[in-house]
Asker: 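Below you will find the structure I want to go over with you.
Residue numbering restarts at 1 for every chain, and letters A, B, ... go by the order of the sequence lines. Worth knowing before you read on, the calculation uses all heavy atoms, side chains too, and leaves out hydrogens, waters and symmetry mates. Just so you know, these numbers come straight off a predicted model, no measurement behind them.
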Number of protein chains: 2
Amino acid sequence: MNTQTLILAILNFGDASGYEIKKFSTEGSFSYFVDISYGSIYPTLAKLETDGFVTCQTESQDGKPDKKVYSITDIGRHEFVSALSTPPNSDKFKSEFLLVAICADLTTPEVMAQAIDKRMGELEAKLEMIRSLREECDHPATHWVSRYGEHVKQADLTYLRENRDALMALATQAKFGEAAE
Amino acid sequence: MNTQTLILAILNFGDASGYEIKKFSTEGSFSYFVDISYGSIYPTLAKLETDGFVTCQTESQDGKPDKKVYSITDIGRHEFVSALSTPPNSDKFKSEFLLVAICADLTTPEVMAQAIDKRMGELEAKLEMIRSLREECDHPATHWVSRYGEHVKQADLTYLRENRDALMALATQAKFGEAAE
DNA sequence: TAGGCCATGTAACCGGTTACATGATTAG
DNA sequence: CTAATCATGTAACCGGTTACATGGCCTA
């Protein structure tokens, strides 16, 4: 999914500046399944404006820097809806944790424990965030996605909790390297 | 996680050629949490060899092209284990499906149904693959990861099955655009 | 007064993909 | 006869990140 479609999606929920778009994609309703950086937001917004998909209005604020607020246009919305209509690509998923887990017998209990705890902490934080999304807005589709995310992440966390010991046991077994040293 | 560590991890499970590494990362035990292409495998293998992390032996086969079989060295294994020891980065997750879902009210029931069915099909296939991994090998850590994956993907699929109708309902509601056209 | 937040933007860089080149063998 | 599998490799390209530049305000 390209940055353009993502930004259009965010702007379709409401006007925003580049800075706000970044926040939204990092902390808002979209944050658990996308991510973009300023380095791609600002150039894309510029391109979006020249293409007529968004318009821009500079707002002066006192005590804060000027703000360039972007709004999606009808052409932009049309572009976005037609992008939505093409069958979505499969989820992209990469997990370093699972690489460590699958190599559990090569690591030490310390390393493994640290990796598990880090992951559990992240999962808990993400769950908390996903849940809080529902309190902040009552958009039905956002609720559906939030519950979906909650369900899946909860299943993830539950498995980790219940099988932490089993994984630790694999990391605890004697390593061939240790005997030789 | 860089290609280098990933290839080292695969070679740590056994000798392999570039072609086999690709297969392994696409269909094997690693396939559901990583992916790499030839364009990154072959150059990385070359670099790995000059760095002394792997050795290479060319095997002639009759009826098939020559095969360059790579083996991890002790230095390579050491490099890999030390890479494993640094706390793993968070999972990378991107979902176009969720973008469509969160914009359900902008799409048509047809588009939504297609997206859901595609996803469910993919999930079922992935589940099947994850389960089959356990029958092919009895490496304990691989089993742990496989059960983990199964659990999470199963939760995903279950939610989709049970809440498909709710999402469809959101896509079915009248769109503002339709009234105007 | 140091650091964090607000706010925009650019340039260099990089990891990785896509597409291509090559070619023999086997299965349908 | 076509398509797929086996097998290695390169070059162009590309999307996106990182790091930097700039600067005022507010809080600790």
Asker: Can you tell me the distance, in whole Å, between the CD atom of B:Glu20 and the C1' atom of D:dA7?
Answerer: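 One finds 10 Å between C1' of D:dA7 and CD of B:Glu20, rounded.
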
Asker: Between B:Tyr19 and D:dT8, does any side-chain N or O lie under 4.0 Å from OP1 or OP2?
Answerer: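 No, because none of the side-chain N or O atoms of B:Tyr19 sits under 4.0 Å from OP1 or OP2 of D:dT8.
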
Asker: Using the side-chain heavy atoms of A:Pro65, tell me which of these nucleotides is nearest: D:dT10, D:dG9, C:dC6.
Answerer: C:dC6

Asker: Scan A:Lys22 against the nucleic acid and name what it touches under 4.0 Å (heavy atoms): base, sugar-phosphate only, or nothing.
Answerer: nothing

Asker: Under 3.5 Å, sequence neighbours excluded: what are the donor-acceptor pairs made by side chains of residues 27-35 of chain B?
Answerer:
residue	atom	partner	partner atom	Å
B:Ser31	OG	B:Gly28	O	2.7
B:Tyr32	OH	B:Val145	O	3.4
B:Tyr32	OH	B:Gly149	N	3.2

Asker: For A:Lys126, does its backbone N or O pair with a side-chain atom of A:Lys153 as donor and acceptor, under 3.5 Å?
Answerer: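 Not at all, since once roles are kept as given, no pair shorter than 3.5 Å links the two residues.
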
Asker: For A:Arg147 and B:Asn163, which I'm curious about, is there any donor-acceptor pair between the side chains at under 3.5 Å?
Answerer: no

Asker: Roughly, in whole Å, what's the span from NZ in A:Lys67 to P in D:dC25?
Answerer: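 Rounded to whole Å, this separation is 17 Å.
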
Asker: Taking the six-membered ring for Trp, are B:Tyr159 and A:Tyr148 parallel (under 30°), tilted (30 to 60°) or perpendicular (over 60°)?
Answerer: parallel

Asker: Figure out the CG/P separation between B:Leu6 and C:dT17, and round it to whole Å.
Answerer: 10 Å

Asker: Mind listing the N/O atom pairs, protein and nucleotides 14-16 of chain D, below 3.5 Å?
Answerer:
residue	atom	partner	partner atom	Å
D:dG16	OP2	A:Thr3	OG1	2.6

Asker: Rounding to an integer number of Å, can you tell me how far B:Phe24 CZ sits from D:dC6 C1'?
Answerer: 18 Å

Asker: What is the separation between atom CD1 on B:Ile21 and atom C1' on D:dA7, rounded to the nearest whole Å?
Answerer: 13 Å

Asker: Please report the distance, rounded to the nearest Å, between OH in A:Tyr42 and P in C:dA11.
Answerer: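 Atom-to-atom, A:Tyr42 to C:dA11, this comes out as 16 Å.
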
Asker: I'd like to check A:Gln4 versus A:Leu48 (side-chain heavy atoms, cut-off strictly below 4.5 Å). Are they in contact?
Answerer: yes

Asker: Between A:Lys23 and C:dC6, does any side-chain N or O lie under 4.0 Å from OP1 or OP2?
Answerer: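 For C:dC6, OP1 or OP2 has a side-chain N or O of A:Lys23 closer than 4.0 Å.
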
Asker: Using whole Å, report how far CD1 of A:Ile41 lies from C1' of C:dA7.
Answerer: 12 Å

Asker: Are OP1 or OP2 of D:dG9 and a side-chain N or O of B:Tyr38 less than 4.0 angstrom apart?
Answerer: no

Asker: Do B:His78 and B:Phe53 have ring centroids that are under 6.0 Å from one another?
Answerer: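 No: the rings miss the under 6.0 Å criterion.
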
Asker: Would one find a side-chain N or O of B:Gln61 under 4.0 angstrom from OP1 or OP2 of D:dA7?
Answerer: yes

Asker: Testing A:Thr172, A:Leu167, A:Leu170 one by one against A:Met112 for a side chain to side chain contact (heavy atoms under 4.5 Å, CB included), which residue passes?
Answerer: A:Leu167

